[in-house]
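Below is one structure, written out as structure tokens, with a few remarks after it.
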Amino acid sequence: MSSTNRPVLNDLLSRRVVDMDASGIRRAFELGASLENPINLSIGQPHFPVPQTLKEAAIDAIRDDRNGYSLSGGIAPLQDAVRNHLQRVLGWDPNDPETDVIITAGTSGALLLSALALLDPGDEAIIPDPWFVIYPQLGPLTGGRMVACDTYPDFRMTAERVAPLITDRTKFVLVNSPGNPTGTVLNQSELDELRALCRSRGVQLVTDEIYDEFVFPDALGEGGTVPSPARAAPDVLVIRGFGKTYGCTGWRMGYAAGPSWLVAEMRKLQQFTFVCAPTPLQWGVIPSLELSLDAELEGYRRRRDRVIEALSPYTEISNPGGAFYCFFRVPEHLGLTGEAFVEKAVEHRVLLVAGGVFSTRDTHVRLSFAVPEPVLEEGLQVLCELLAGAATSSS
Ligand code: PMP
């Protein structure tokens with residue numbers, strides 16, 4: 001058979017996957033791989049190791065042969081630990097039959113299951129712009145349409161900005177605070193207003209709180225609480241993770257909690273997709289819910305302050321209330337897109353992620369400060385020179 005008659009097998013690929021553009025993220029990885037000794041400020045995970053108690057709990061589970069499937073909703077002791085945790089931090093009743101918990105394969109697993117459970121083809125969901133990279137893909141993955149809510153320049157996804165985007169096809173609003181890539185933390189009244197809007201319009205509110213443990217003291221609410229639309233409101237679907245919080249992103253552990261009518265369907269979908277979250281690692285994360293991250297949080301606050309101090313003389317940079325990211329604007333006088341600025345920084349061994357990876361605009365750059373402080377200092381020095389337009393290309 002001549003090669004021209006050979007069927008082109010990649011014609012078999014679905015539109016869903018062909019239309020998915022992964023070039024932005026791939027570019028960040030490629031740039032990283034091309035450098036020998038990079039100052040890597042592009043990484044979206046904590047720089048500290050997994051706490052010993054978690055490692056031991058996971059290793060014990062493996063050694064004790066707790067390696068088989070679990071129930072699709074997760075092992076009972078972790079379910080109980082999550083319910084007790086939500087009672088402590090959000091005031092939920094752990095015995096309320098109207099609320100349910102599902103342990104998922106990472107926060108990403110929970111995001112996908114929630115979108116699959118809520119969206120029919122043509123249905124809409126509202127996401128922030130800038131967004132976390134998975135959010136827009138939930139559209140092609142489910143047949144739904146993700147509608148971006150422009151939150152520039154302050155990155156606050158307020159009820160006022162969301163309200164005009166709600167249509168009769170809107171099924172859910174997805175809010176992310178602290179946010180990736182901006183680190184923005186909405187305050188309790190902004191989040192309460194968003195919840196009230198969703199309730200009044202008959203739309204489900206989903207809150208991605210993967211960075212809930214990384215809220216700096218200046219962004220905490222009354223009584224030192226982490227602002228959440230789900231505070232005393234179990235009708236909101238809360239999605240949280242263990243990976244970012246405890247440095248175990250590769251364990252793929254997260255959970256969703258909220259209205260039983262929704263979580264029960266997510267569990268059904270999990271049964272036919274992921275089956276369950278990795279069982280030994282479900283045991284592994286149980287001790288995490290008792291751990292304090294005060295020292296790590298203080299370390300990130302110090303780094304946040306340092307980044308703001310160093311970069312704010314040169315550019316517009318919103319003060320992140322949480323997570324470990326800063327999203328700064330490429331100064332207009334440089335005449336560069338986010339991507340062009342990132343390429344320039346690479347010439348000086350500094351790795352960042354262009355804002356266009358997270359947004360319809362490519363005017364900003366994401367810097368992760370989840371790195372040892374000397375590395376951050378080295379990176380900041382280069383960035384200050386670049387932002388001032390003073391750095392020359394190092395060939
Ligand atoms: N949501 C946000 C806002 C994130 O930043 C990330 C990870 N970068 C995720 C969800 C996915 O996390 P996981 O690794 O738990 O799937």
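Since this is a predicted model, take the numbers as computed values, not measurements. Start at 1 and go down the list; that is how both ligands and their atoms are numbered.
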Original post:
Where is the nearest protein heavy atom to atom 6 (C) of ligand 1: which residue, which atom, and how far?
Top reply: Phe132 CZ, 3.3 Å
Original post:
Does Gly73 offer a backbone N or O that forms a donor-acceptor pair with the side chain of Gln79 under 3.5 Å?
Top reply: yes
Original post:
Hey, does Phe242 sit under 4.0 Å from ligand 1 if you only count heavy atoms?
Top reply: no
Subject >> For Tyr211, the ligand 1 atoms whose distance to one of its heavy atoms is below 4.0 Å >> reply: 3 (C), 4 (C), 5 (O), 8 (N)
Original post:
Asn176 heavy atoms, cut-off 4.0 Å: which ligand 1 atoms fall inside?
Top reply: 3 (C)
Original post:
What is the closest protein heavy atom to atom 8 (N) of ligand 1, and at what distance does it sit?
Top reply: Lys244 NZ, 2.7 Å
**OP:** Among all protein heavy atoms, pick out the one at the shortest distance from atom 12 (O) of ligand 1; state its residue, atom name and that distance to 0.1 Å.
**Re:** Ile210 CD1, 3.1 Å
Subject >> Under 3.5 Å: N/O of Tyr135 near N/O of ligand 1 >> reply: no
Original post:
To which protein heavy atom is atom 11 (C) of ligand 1 closest, and what is the distance rounded to 0.1 Å?
Top reply: Ser108 OG, 3.3 Å
**OP:** Kindly assign one of parallel, tilted or perpendicular to the pair Phe242 and Tyr255, based on the angle between their ring planes and the thresholds 30° and 60°.
**Re:** tilted
Original post:
Is a side-chain donor-acceptor pair under 3.5 Å present for Glu209 with Ser228?
Top reply: yes
Subject >> Donor-acceptor pair between Ser70 and Gln282 side chains, under 3.5 angstrom >> reply: yes
Original post:
Who's closest to atom 2 (C) of ligand 1 heavy-atom-wise, of Asn180, Asp208, Ile239?
Top reply: Asp208
Subject >> Contact check, Gly241 vs ligand 1, heavy-atom distance below 4.0 Å >> reply: no
Subject >> Contact list for residues 43-53, test side-chain hydrogen bond (donor to acceptor under 3.5 Å, both in side chains), sequence neighbours left out >> reply: Gln45-Thr249, His47-Tyr300, His47-Arg303, Gln52-Glu56
**OP:** Please state whether Thr249 comes within less than 4.0 angstrom of ligand 1, counting heavy atoms only.
**Re:** no
**OP:** Fit a plane to each ring of His364 and Phe155, take the angle between them on a 0 to 90° scale, and name the class: parallel (under 30°), tilted (30 to 60°) or perpendicular (over 60°).
**Re:** perpendicular
**OP:** For ring-ring contact (aromatic ring centres under 6.0 Å, His included), just list the numbers for Tyr325 and Phe369, CA-CA rounded to whole Å, side-chain angles, deciding distance to a tenth of an Å, and then say yes or no.
**Re:** CA-CA 6 Å; Tyr325 308 113; Phe369 49 83; 7.7 Å; no
Original post:
Does Asn176 offer a backbone N or O that forms a donor-acceptor pair with the side chain of Asp208 under 3.5 Å?
Top reply: no
**OP:** For Gly106, counting its heavy atoms only, list the atoms of ligand 1 lying under 4.0 Å from any of them.
**Re:** 15 (O), 16 (O)
**OP:** Return yes when Arg252 approaches ligand 1 closer than 4.0 angstrom through a heavy atom, no otherwise.
**Re:** yes
Subject >> Cationic N near anionic O, under 4.0 Å, Glu124 to Lys171 >> reply: no
